[in-house]
J.: 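Got a structure here, written out as structure tokens. Questions coming.
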2 protein chains.
Amino acid sequence: MNYEEAKIKFVSTWGSLGTLWGINKAMAQIQALLFISTKPLSMEDIMEELKISRGNTSMNLRQLMDWGIVTKEIIPGERKEYFTTEKDVQELARTIAKERSRREIQPVIKVLKDVSSIKDDGTEKTKELIKQTKALHELTETADDMINKLVNQRQNWITKSLLKLLT
Amino acid sequence: MNYEEAKIKFVSTWGSLGTLWGINKAMAQIQALLFISTKPLSMEDIMEELKISRGNTSMNLRQLMDWGIVTKEIIPGERKEYFTTEKDVQELARTIAKERSRREIQPVIKVLKDVSSIKDDGTEKTKELIKQTKALHELTETADDMINKLVNQRQNWITKSLLKLLT
DNA sequence: ATAAACTTTCAATAATTATTGAAAGTTTAA
DNA sequence: TTAAACTTTCAATAATTATTGAAAGTTTAT
């Protein structure tokens, strides 16, 4: 496998993984491309590499910026805008975990809290609903907390030692 | 919010969360429905509750069984098949994490390993590709390991104490 | 063996989501 | 101020994914 093959394989695999986890393919691929690029890329560069339209590129770059994992780079003397992604995997993971938590998990935790707080009318089905959604609420909250804390450990050694502790 | 409203809210929220994370809505809703049901449900029951077709119900039940989180229940004297889901949230999380890891993460780890192992031809871009995919490989592998280990802790106290340790 | 009761399969269709491309918008240089 | 260089927007279209429903398949009771 040479450079070009490896690049294509990485970018397309990352795109597929994104799709599987509810992330738009183009978005994941743009991020992957920037992640292995040695220099900021322009919209033209991205369109060309991924064979996608200007509109698609523009919209997905904006989304990546909204997520906080891509930033605009102004290159002096250049008219075009250039883009880069966070290069540190730990920081990247931190940002993604934080955003998905905020956008997707927190609202669900809220619903689970509400649902599990309905008045117990004494029927078996109500008791079961309360019991099960309460358990799910606790699990979700704990998992969310944990992921955020783990991913926030900038010092990799804590993570490593935790892993040992758990083995 | 009464029982019926709470049930609808829970089931539909769970369905939306599924969609967001790449899981078919009907599949997530069926699982949610079974999760709060006090007794096994038949295909008819599920179709009726979720207003979905027989075919859809059948296919998604099969998928849930393939995932190992729903099982067929034979009720003596009954001709119909009945279904139940794993009721313990910890066990549920364990199964889902294991399956998603096996189906989706492991193949990506393999690709990252391959891509990060290409021959270093000395060019800057190749060095960057290797460096970045290697970092991603390590992160993915560590995260995957960790999630599986955490989720495998059947004794909740370990999880709880870990959380404290991390705070 | 037959038929009733049930489940599965899968081609057709619907619903959702992603993508295009060109017009409208913005910025910069002269 | 004009126009060239660039980006954004968004209605139209394409691609993907989910769902239906009816025919085919299976199981059980008689």
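Labels below follow one simple rule: chain letters A, B, ... track the order of the sequence lines, proteins then strands, and each chain is numbered from 1.
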J.: Do Glu99(A) and Asp66(A) have side-chain heavy atoms sitting under 4.5 Å apart?
T.: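 Result no, sub-4.5 Å side-chain heavy-atom pair not found.
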
J.: I need the full list of ring-ring contact (aromatic ring centres under 6.0 Å, His included) pairs touching residues 16-43 of chain A, with sequence neighbours left out, sorted by first then second residue.
T.: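 ring-ring contact (aromatic ring centres under 6.0 Å, His included) check on residues 16-43 of chain A returns Trp21(A)-Trp21(B).
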
J.: Under the rule for salt bridge (charged side-chain N to carboxylate O under 4.0 Å, His left out), what residues qualify as partners of Glu44(A), not counting sequence neighbours?
T.: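 Applying salt bridge (charged side-chain N to carboxylate O under 4.0 Å, His left out) to Glu44(A) gives Arg54(A).
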
J.: Asn56(A) has a side chain; which of dT8(D), dT20(C), dT8(C) sits nearest to it?
T.: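 Among dT8(D), dT20(C), dT8(C), the one nearest the side chain of Asn56(A) is dT20(C).
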
J.: Can you name the salt bridge (charged side-chain N to carboxylate O under 4.0 Å, His left out) partners of Lys98(B), sequence neighbours left out?
T.: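 Salt bridge (charged side-chain N to carboxylate O under 4.0 Å, His left out) list for Lys98(B), sorted by chain: empty.
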
J.: Check nucleotides 28-30 of chain D against the protein and report each pair of N or O atoms closer than 3.5 Å, with its distance, or say if there are none.
T.:
residue	atom	partner	partner atom	Å
dT28(D)	O2	Arg79(B)	NH2	3.1

J.: I need the CE-C1' distance between Met59(A) and dA18(C), as an integer number of Å.
T.: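 Rounded to the whole Å, the gap is 9 Å.
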
J.: Rounded to the nearest 0.5 Å, what separates atom NZ in Lys39(A) from atom CG in Asp45(A)?
T.: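 One gets 6.0 Å once the value is rounded to the nearest 0.5 Å.
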
J.: Can you check the Lys80(A) NZ to dT8(D) P distance for me, whole Å?
T.: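 One finds 14 Å between P of dT8(D) and NZ of Lys80(A), rounded.
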
J.: Can you name the residues that form a side chain to side chain donor-acceptor pair (under 3.5 Å) with Asp88(B), not counting sequence neighbours?
T.: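 None.
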
J.: In which stems does DNA chain C show up, taking only runs of three or more Watson-Crick or G-U wobble pairs whose two distances fall under 3.5 Å?
T.: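 For DNA chain C the paired stretches long enough to count as stems (3 pairs minimum) are C:1-30 with D:1-30.
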
J.: Name the nucleic acid region contacted by Arg54(A), choosing base, sugar-phosphate or nothing; use a 4.0 angstrom heavy-atom cut-off, strictly under.
T.: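 It contacts base atoms.
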
J.: For the side chain of Glu81(B), starting at C-beta, report the closest nucleotide among dT7(C), dT9(D), dT19(D).
T.: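 The answer is dT7(C), which lies nearest to the side chain.
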
J.: Sequence neighbours excluded, which residues qualify as side chain to side chain donor-acceptor pair (under 3.5 Å) partners of Glu141(A)?
T.: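 Side chain to side chain donor-acceptor pair (under 3.5 Å) check on Glu141(A) returns nothing, list empty.
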
J.: Using atom CE of Met27(B) as one end and atom P of dT17(D) as the other, report the distance to the nearest whole Å.
T.: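 Computing the Met27(B):CE to dT17(D):P distance gives 15 Å.
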
J.: Return the value, rounded to whole Å, for the distance between atom CG of Asn60(A) and atom P of dT9(D).
T.: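 Distance check: Asn60(A) CG to dT9(D) P gives 13 Å.
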
J.: Between Gln63(B) (CD) and dT7(C) (C1'), how many Å, whole number?
T.: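 Spelled out: CD on Gln63(B) to C1' on dT7(C) is 17 Å.
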
J.: Expressed as a whole number of angstroms, how long is the span from Leu64(B):CG to dA18(D):P?
T.: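 Atom-to-atom, Leu64(B) to dA18(D), this comes out as 13 Å.
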
J.: For Arg62(B), enumerate each residue passing the salt bridge (charged side-chain N to carboxylate O under 4.0 Å, His left out) test, keeping only those at least two apart in sequence or located in another chain.
T.: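 Per chain and number, Arg62(B) pairs via salt bridge (charged side-chain N to carboxylate O under 4.0 Å, His left out) with no residue.
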
J.: Please write out each protein N/O paired with an N/O of nucleotides 12-14 of chain D under 3.5 Å, distance rounded to 0.1 Å.
T.:
none

J.: Could you check how far NZ of Lys25(B) sits from C1' of dT19(D), rounded to whole Å?
T.: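 These atoms are roughly 10 Å apart.
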
J.: Between Lys7(B) and Leu33(B), which heavy-atom pair has the shortest distance, and what is it?
T.: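 Closest heavy-atom pair between Lys7(B) and Leu33(B): CD-CD1, 4.5 Å.
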
J.: Near DNA chain C, which residues from residues 31-53 of chain B have a heavy atom under 4.0 Å away?
T.: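 DNA chain C contact set from residues 31-53 of chain B: Met43(B).
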
J.: Closest to the Ser58(B) side chain: dC6(D), dT8(C), dT17(C)?
T.: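 Output: dT8(C).
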
J.: Please list, chain by chain and in numerical order, all residues satisfying side chain to side chain donor-acceptor pair (under 3.5 Å) with Lys119(B), sequence neighbours excluded.
T.: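 Residues passing side chain to side chain donor-acceptor pair (under 3.5 Å) with Lys119(B): none at all.
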
J.: Side chain of Ala26(B) only, please: which of dT19(D), dT8(D), dT8(C) is the nearest?
T.: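 My answer, after comparing the listed nucleotides, is dT19(D).
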
J.: Between Ser116(B) (side chain only) and Thr133(B) (backbone N and O only), is there a donor and an acceptor less than 3.5 Å apart?
T.: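 Judged by distance alone, no pair lies under 3.5 Å.
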
J.: Could you tell me whether Glu91(A) and Arg94(A) make a salt bridge, using a distance below 4.0 angstrom between a side-chain N and a carboxylate O?
T.: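 The answer is yes: the pair qualifies as a salt bridge.
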
J.: Measuring only between side-chain heavy atoms, which start at C-beta, is Met1(B) closer than 4.5 Å to Val115(A)?
T.: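 When only atoms from C-beta onward are counted, Val115(A) and Met1(B) do touch, with a gap below 4.5 Å.
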
J.: Side chain of Asn24(B), heavy atoms from C-beta onward: which of dT8(C), dT8(D), dA18(D) has the nearest atom to it?
T.: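 So the side chain of Asn24(B) is nearest to dA18(D).
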
J.: Under the salt bridge (charged side-chain N to carboxylate O under 4.0 Å, His left out) test, which residues partner Lys127(B), sequence neighbours left out?
T.: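 Counting only residues at least two positions away or on another chain, Lys127(B) forms a salt bridge (charged side-chain N to carboxylate O under 4.0 Å, His left out) with Asp120(B).
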
J.: Between atom CG in Leu61(B) and atom P in dA18(D), what is the gap in whole Å?
T.: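 So the two atoms are 16 Å apart, to the nearest Å.
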
